[in-house]
Structure formats: structure tokens, C-alpha cells
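Throughout, a chain's letter reflects where its sequence line sits, starting with A, and its residues are numbered from 1. A quick note: this is a predicted structure, and the numbers were derived from the prediction, not measured. Keep in mind that the numbers below use all heavy atoms, side chains included, and drop hydrogens, waters and symmetry copies.
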Amino acid sequence: MTKNEIADVLTEIATLLELKGENPFKIRAYQNGARNLEALEDDLGELISSGELSKLKGFGDALVQKITELFETGKLEFYEKLKASVEPGLVSMLEIPGLGAKKIKAMHKALGLDSIEALQKACEEGRVAALKGFGKKTEEKLLLGIKNREAYGKRHIWWAARAVADPILAGLKALPEVVHASHAGSLRRKRETVGDLDFIVGSDEAKPIMDWFVAQEGVAEVTAHGETKSSVRFESGLQADLRVVRPPQFAFALHHFTGSKDHNVMMRQRALSRGLSLSEWGLKPVEDETFENSLVAETEEDIFSHLDMKWVPPELREGLGEIEAAEKGELPKLLEYSELKGVFHNHTVASDGRNTLEEMTAAAEAKGWEYWGVADHSKASFQANGMNEDRVLQQLEEVHALNTSGKFKTHVFSGIECDLLVDGSLDLSEALLMKLDYTVVSVHIGFTQSEEEMTARIIKAIEHPATTMIGHLTGRILLRREPYKVNTQKVIDAAIANSVIIELNANPKRLDMDWRLWKRAAEKGLMTSINPDAHRTEHFEFVEAGINAARKGWLGAENVLNTRSLDEVTSILSLKRNHLKESLSS
DNA sequence: GCCGTTTTCGGCCCGACTGTTTTCAGTCG
């Protein structure tokens, strides 16, 4: 069983224990275990066999034993027994908003409800409202929750969530009562997907702001409308929360609601170790009853400063080492949008893009880029109008003509997105590929191979002397398609050994390779390229999503090929090509 | 279930909102 599959089992164990009414701290231990496992960058098998796993924080004897059993046998007796003891319908009932383990247990006990269907029927018949602790409103809410489960349960890609959030934030900032306003939560942390939108406002007059917020266009339902917090659901299913605090509390609230939860827990523990208590209302001595004498924080920087740390960029606040780095003053200088000097992996009308070589060049120049690279599909991607040898040569001539025409200041690199065939060979000959400036190698077919086959296939491509970079390493489409199975650590090591780049595909639906893997990979020496995979000029904008992911992966300009100048990139690419020539002549 | 130079037992982050309650439990983030 893989690391992530084991993490899923631990999460499910936590859920089942919750439904059984187990000790909440035991439940948390399993949840932490799952999260820690997912964040693990080392090879799990090695950690287990070397005994290193039990030395890591959060992995005690019980968890190590269970993880080992799952890893080695793919099964866990404890889990099987636990699962058999809980009705599966109870687990699915947790998906309904407002329904937690305790209420589910209560309804199961009193009414024998063991599925969402049974719950719906009971609500319609008024049997739930008759229960102690439940009422008419609860019943109505549950029915609505069941009805909207499909649309509301979904997460949203960051790019789409941001498009909804920006006008709301602008609207808030335009209100006369608003002193400070910001988005928060996973949107501000730039997670690849966002569950809901969080807004924080600093103001002395909350009511008109709340009233404006719940009366916005497109609001389908107001789920809360209190003095400090309001929540709405838009017709799209996206939920948005607004919290209004007084201006002196704004920085504390912003920090608190930006999270993540793990980051906040560590920050609170750090405060406690200094005799202070941190919450969204302030930072006060533990013994104080109120926040009246809270330390002052004009900005988030002040909060971190009170705890003897440098400000941590929101992208890093995932509880993955940022606290330790901040206290040592070892936070990285993260990649900035302005540092990009060009992009690779883009398509034109020659394959499945919408714009011509000239249009793309003009768009790249308008962005102030020194260069861009064309990488249309190769012939095996028939559905994407992939190019055969003749068309590749023809495009190469067009690129050359454009570069020498003096029409644009922006240089065009000639590349290709070459299909990686099922047997690990490339779709075009070495002789042809060496005529181009670079090669992006991507998997577009044969997704269902085993992990061993896929890993071997990709490593074979990495060892091919013409390969400059690997495109969208795992093929995932966020919220739609799971990644294909591949041992990323082995691929990363092979890429480093062969001086091959792994792209960070910046398409907001891909963001592949995942940000969680970059910190460790870059430390080991892996280089990336922020690649928009543009199929039209507007898609160049995708680099913003790629930069978000790079920042979440602790990457700085030094880790990224396309922060290099035209001259530097030219020499890096030709170095790789010269190796190819040597290998062909030998 | 995890953790520990104060503890191997007794802690484990903190607060708002809702609905059902006359003081609080459950849920959520």
C-alpha cells in the first residue's frame, strides 16, 4: 500500500472512532498521523525498515505498527474489525453540513437511522424534530443539506475561487465603514483547491458591512448572520464567510483565519511557551481574563515579532517547518512573479493551441518576457493534432525566420512536447529532437500502467539524452482525475542525476508536480520550470498559479529555469544539446 | 494515541454561531 493510501485508511479510522464516540485526542492522533504521512518526503519503505519512522514526531508505537502492517500486507485487522462494527451509512451522513458524529449517533440510537435516505425520510415525517436536542429548524437544515449535498460538497480550484473572491474584496474595501479588509483561509494560503472563501474586515461598525455582505448579488442562501460573523452560499455552491473585528484586532484575526490549523496550533504553543495566549482577539498573558491588555499588532509582522520570529508568508503556513525556519531566520526568499523572464511548454495552432506563433510571441513580448518556447504536441497525440517529423521541421524554420526577422524583441525557443510512448521510448527520433532547442517529455497515453511500469517508463525518458524536462509528472486533473501511479521520489532522483528538469505545470487544474514535493526535491538539487502549458495567449497568465505552487514548495528564483536571462537559458539548453551530440557521435 | 530536563500520567488550541435550551451541546473553522 502506498503512503497516501495508508493516510486515507488512518483518516477513515479517525472518522470511525468518532462515530463510536472514542476519546477525541485519540481521534486527533490518527488525523495527525494521516497528515504527517502525506507530508512525508522520504520513501516510506525505507523509513519503516530503518526504524526511522518511530523517531518522527507524531508516530508512536501504535501508529508505526499499524502503518507497517498496512505497508507490508495492504491490510489491517484493527481497521477491518472497526469498519465492520460501524454502519457504512453513518459515515456518509457526515457529509451533510451541520451533522457531526454525536448527532448521527443520537439519531442512529433513537430512530435506527443508518443512511442518508433513511435520514431524509425521517426528517420529512417529522420524526427527527421530535427527538430531544433536535428541533424543527435542525430538521429543515438537514433536508436542505441533503438536497444541496452534491453542489455544496465540492471544492473549487483556486483560480476559480479567486475570480469570485476578488470582486467581493473590492466591494468590501469600497464600503466607508471598512478600515482594513483582506481575504484569508486557503485562498490566501494559495492552496490548489479551496473549500470556501474567507474575508476579514477591520471596522468599528460591523452591521452595515454584514448587511452588504449577505445582500450581495448571487447569494443563494444566508447560513449565518451574526454580529461578528456572516456566511453565505452563492448559487455556484461556493460558500463565503465574513468576519468583522475592531481595527486593533484585525491583524490577529487575519492571522488566525488565514491558518492553517496546524500552523495556528504551533503558533499558540509557541505563545504558551512564552506565557502568552494567542487567539483571533489578541496576544495576552495567559493569566489575564480578557484581551484588554493584549500586546499591540498593527500588522501580522508584529504578531510574529512578539514571538521572536520573522513574518511567514501565508503560502508557507502549512505547519511544515515554517515556524522552525522563521525562528532561525532561515525562511527562503520565495519566487516572485516579476522574476520570470519567459516560459516554456506552450502550444500554437500547429497542434491544439488557438493562437499562432506570431500572436503568442506578441503576447509574450507584451508581458515583458525575454523569451518564450513553443512546444506543440508530437504525432502520437493524434487527437491534439500532434506534429510529424516534416511539420516539426517546418515549424523550426518558421521559428528561425521569426527570430531573424527583427519583428519582436522576445526570442522564441523551438521545442516540442514529445509524447512518451508506453514502452518508455520517445515519439520522435533523437536526430530530429537534437535540431530543436529543447524537449518536454509528457505522458498522454497508457495512464493505467502499474507504478513500477510507469516509474520505469518515465525514468527511461529522463535518461534519454534529448530530454530537457518532464511535463505534468503525474497527469492529475484537480477535482476530476487522479494522478497516474508513479514513484515520484525515484523519478526525482533520476531527474537530478541526469540534469533533467521537472516542470511545474502551472495550469490551475494541474499544478503538477505537487507543491508538497518541491521543498525536499529542490534541496536535493532538482530544478524546475514554471510552465503555463498555454493553449492560447491568455493562458500565459497561468504562471501566477504556478508561482503560487512554487512558493508553497519553498522555491526561490534559483530553483527555476525561467528566471534565468536569455543568455543563461541559451547556454543551459545548448549544454544539454551538446551532450546529445556527443552521445550520438559515440 | 502521543508526549515528556518540572510529568511515564495527565494533559492535549481556542472561540463563534446555531438551535435548543433556561445554561449548554454540537458543529465548524
Side-chain angles (χ1 to χ4, degrees), chain A residues 10 13-14 17-18 21-36 53-67 78 82 93-107 128-142 144-145 152 184-189 191 194-200 206 210 222-232 239-245 249 252-253 255-273 276-284 286 290-291 319:
Chain A
L10 295 184
I13 289 174
L17 291 175
E18 215 177 341
E22 257 286 1
N23 174 0
F25 296 104
K26 186 194 270 193
I27 293 162
R28 193 189 293 171
Y30 278 99
Q31 289 166 339
N32 288 341
R35 214 191 38 248
N36 290 336
L53 185 62
S54 60
K55 292 181 190 158
L56 299 177
K57 209 163 148 43
F59 294 104
D61 292 343
L63 277 180
V64 168
Q65 184 272 320
K66 290 185 174 79
I67 291 168
F78 169 79
L82 182 63
M93 282 161 81
L94 279 169
E95 290 168 21
I96 297 164
L99 214 46
K102 297 201 172 153
K103 281 188 181 169
I104 292 172
K105 261 185 76 182
M107 291 190 295
V128 169
L131 284 181
K132 188 169 153 56
F134 293 76
K136 196 86 207 133
K137 284 207 171 174
T138 303
E139 203 170 67
E140 284 167 13
K141 240 184 146 166
L142 290 178
L144 190 67
Y152 292 175
S186 48
L187 183 73
R188 184 167 180 240
R189 295 202 317 280
R191 289 287 289 236
V194 171
D196 57 17
L197 309 178
D198 290 297
F199 298 95
I200 309 297
M210 291 294 182
V222 178
T223 47
H225 189 178
E227 281 178 35
T228 68
K229 181 191 166 182
S230 289
S231 299
V232 299
Q239 175 170 315
D241 293 343
L242 169 67
R243 274 138 179 128
V244 180
V245 298
Q249 274 113 40
F252 293 106
H255 175 264
H256 175 86
F257 290 111
T258 295
S260 63
K261 197 173 165 165
D262 297 329
H263 172 86
N264 284 356
V265 166
M266 290 184 199
M267 287 288 280
R268 287 208 172 104
Q269 283 168 347
R270 188 169 172 83
L272 280 177
S273 71
L276 297 169
S277 171
L278 176 66
S279 83
E280 64 261 51
W281 296 114
L283 181 61
K284 64 168 179 64
V286 171
T290 71
F291 283 95

(message) Suppose we call a contact any N or O donor and acceptor under 3.5 Å apart; does that hold for the side chain of A:N23 and the base of B:dG1?
(response) yes
(request) Figure out the OH/C1' separation between A:Y30 and B:dG1, and round it to whole Å. (result) 7 Å
(request) Report the distance from atom NE2 of A:H263 to atom C1' of B:dC14, rounded to the nearest whole Å. (result) 15 Å
(request) Can you figure out which of B:dT27, B:dG19, B:dG1 approaches the side chain of A:K141 most closely? (result) B:dG19
(message) If we ignore hydrogens and angles and just use 3.5 Å, is the side chain of A:E139 paired with the main-chain N or O of A:A129 as donor and acceptor?
(response) yes
(message) Please report the distance separating the P of B:dA16 from the corresponding atom of B:dT21, rounded so that it comes out in whole Å.
(response) 24 Å
(message) Categorize A:A271 for me: base, sugar-phosphate, or nothing, with a 4.0 angstrom heavy-atom threshold over every strand shown.
(response) nothing
(request) Quick one: closest heavy-atom pair of A:L187 and A:L197, and the distance? (result) CD2-CD2, 4.2 Å
(request) For A:I27 and B:dG1, give me the distance from atom CD1 to atom P, rounded to whole Å. (result) 11 Å
(request) Output the single nucleotide from B:dT18, B:dG15, B:dG29 whose closest atom is nearest the side chain of A:D241. (result) B:dG29
(message) OP1 or OP2 of B:dT21 versus the side-chain N and O atoms of A:K132: is any pair under 4.0 Å?
(response) no
(request) Scan A:L99 against the nucleic acid and name what it touches under 4.0 Å (heavy atoms): base, sugar-phosphate only, or nothing. (result) sugar-phosphate
(request) Using only side-chain N and O atoms of A:K102, determine if any of them is under 4.0 Å from OP1 or OP2 of B:dG26. (result) yes
(message) Can you identify which nucleotide, out of B:dC14, B:dA16, B:dC12, has its nearest atom closest to the A:F25 side chain?
(response) B:dC12
(request) Before accepting this row, confirm whether a basic side-chain N of the pair A:K137/A:E140 lies closer than 4.0 Å to the acidic partner's carboxylate O. (result) no
(request) Using the P atom on both, measure B:dT5 against B:dG1 and round to a whole Å. (result) 23 Å
(message) What is the distance, to the nearest angstrom, from the CZ atom on A:R243 to the P atom on B:dG15?
(response) 14 Å
(message) Mind checking if A:K136 touches a base, just sugar-phosphate, or nothing, with heavy atoms under 4.0 Å?
(response) sugar-phosphate
(request) Starting at atom CZ of A:R28, determine the distance to atom P of B:dG29, rounded to an integer number of angstrom. (result) 16 Å
(message) Please determine whether a side-chain nitrogen or oxygen atom of A:S231 lies at a distance below 4.0 Å from atom OP1 or OP2 of B:dC17.
(response) no
(request) Remember a base hit wins even if backbone is also touched, and classify A:F134 as base, sugar-phosphate or nothing at under 4.0 Å, heavy atoms. (result) sugar-phosphate
(request) Taking only the side-chain heavy atoms of A:K229 (C-beta and beyond), determine which of B:dC17, B:dG19, B:dG29 contains the nearest atom. (result) B:dC17
(message) Between C1' on B:dG1 and CG on A:L56, what's the gap in Å once rounded to a whole number?
(response) 16 Å
(message) Quick check for you: among B:dA16, B:dG1, B:dG29, whose closest atom lies nearest to any side-chain atom of A:H256?
(response) B:dG29
(message) Reading DNA chain B from 5' onward, which residue's closest nucleotide shows up sooner: A:S277 or A:F78?
(response) A:F78
(request) Using the P atom on both, measure B:dC2 against B:dT6 and round to a whole Å. (result) 23 Å
(message) Donor-acceptor pair, distance only, cut-off 3.5 Å: does the side chain of A:S186 make one with the backbone of A:R189?
(response) no
(message) Over all strands shown, is A:H225 touching base, sugar-phosphate only, or nothing at heavy-atom distances under 4.0 angstrom?
(response) sugar-phosphate
(request) Report, as yes or no, whether the 6.0 Å neighbourhood of atom CG on A:D61 holds more than 12 heavy atoms from other residues, nucleotides or ligands. (result) no
(message) Output the rounded distance in Å from CD (A:E95) to C1' (B:dT27).
(response) 16 Å
(message) Once you apply a heavy-atom cut-off of 4.0 Å, does A:K105 come out as touching a base, just sugar-phosphate, or nothing?
(response) nothing
(message) If you assign each of A:F59 and A:T228 to its closest nucleotide in DNA chain B, which residue comes earlier from the 5' end?
(response) A:F59
(request) Starting from C1' on B:dA16, measure out to CD1 on A:I200 and report it in whole angstrom. (result) 12 Å
(request) Would you indicate which nucleotide in B:dG15, B:dG26, B:dG19 comes nearest to any side-chain atom of A:E280? (result) B:dG15
(message) Is the phosphate of B:dT18 approached by A:T138 (side-chain N or O, under 4.0 Å from OP1 or OP2)?
(response) no
(message) Please pick, from B:dC3, B:dA16, B:dG1, the nucleotide with the shortest atom-to-atom distance to any side-chain atom of A:K57.
(response) B:dC3
(request) With the side chain of A:A224 defined as its heavy atoms from C-beta on, choose the nearest nucleotide among B:dA16, B:dC12, B:dT18. (result) B:dT18
(request) For B:dT8 and B:dG15, measure between their P atoms and round to the nearest Å. (result) 29 Å
(request) Could you check which of B:dC12, B:dC2, B:dG15 has an atom nearest any side-chain atom of A:A29? (result) B:dC2
(message) Applying a 4.0 Å non-hydrogen cut-off, can you work out what A:F252 is touching in the nucleic acid: base, sugar-phosphate, or nothing?
(response) nothing
(message) Could you tell me the Watson-Crick or G-U partner of B:dC2, where both distances fall under 3.5 Å? Say none if there is no partner.
(response) B:dG11
(message) Quick check: do A:H255 and A:N264 have side-chain heavy atoms less than 4.5 Å from each other?
(response) yes
(message) Between A:V245 and A:E280, is there a side-chain heavy-atom distance shorter than 4.5 Å?
(response) no
(message) Counting C-beta onward and ignoring hydrogens, is there a side-chain heavy-atom pair between A:D198 and A:R243 closer than 4.5 Å?
(response) yes
(request) Provide the distance between the two C1' atoms, one in B:dA25 and one in B:dT20, to the nearest whole Å. (result) 9 Å
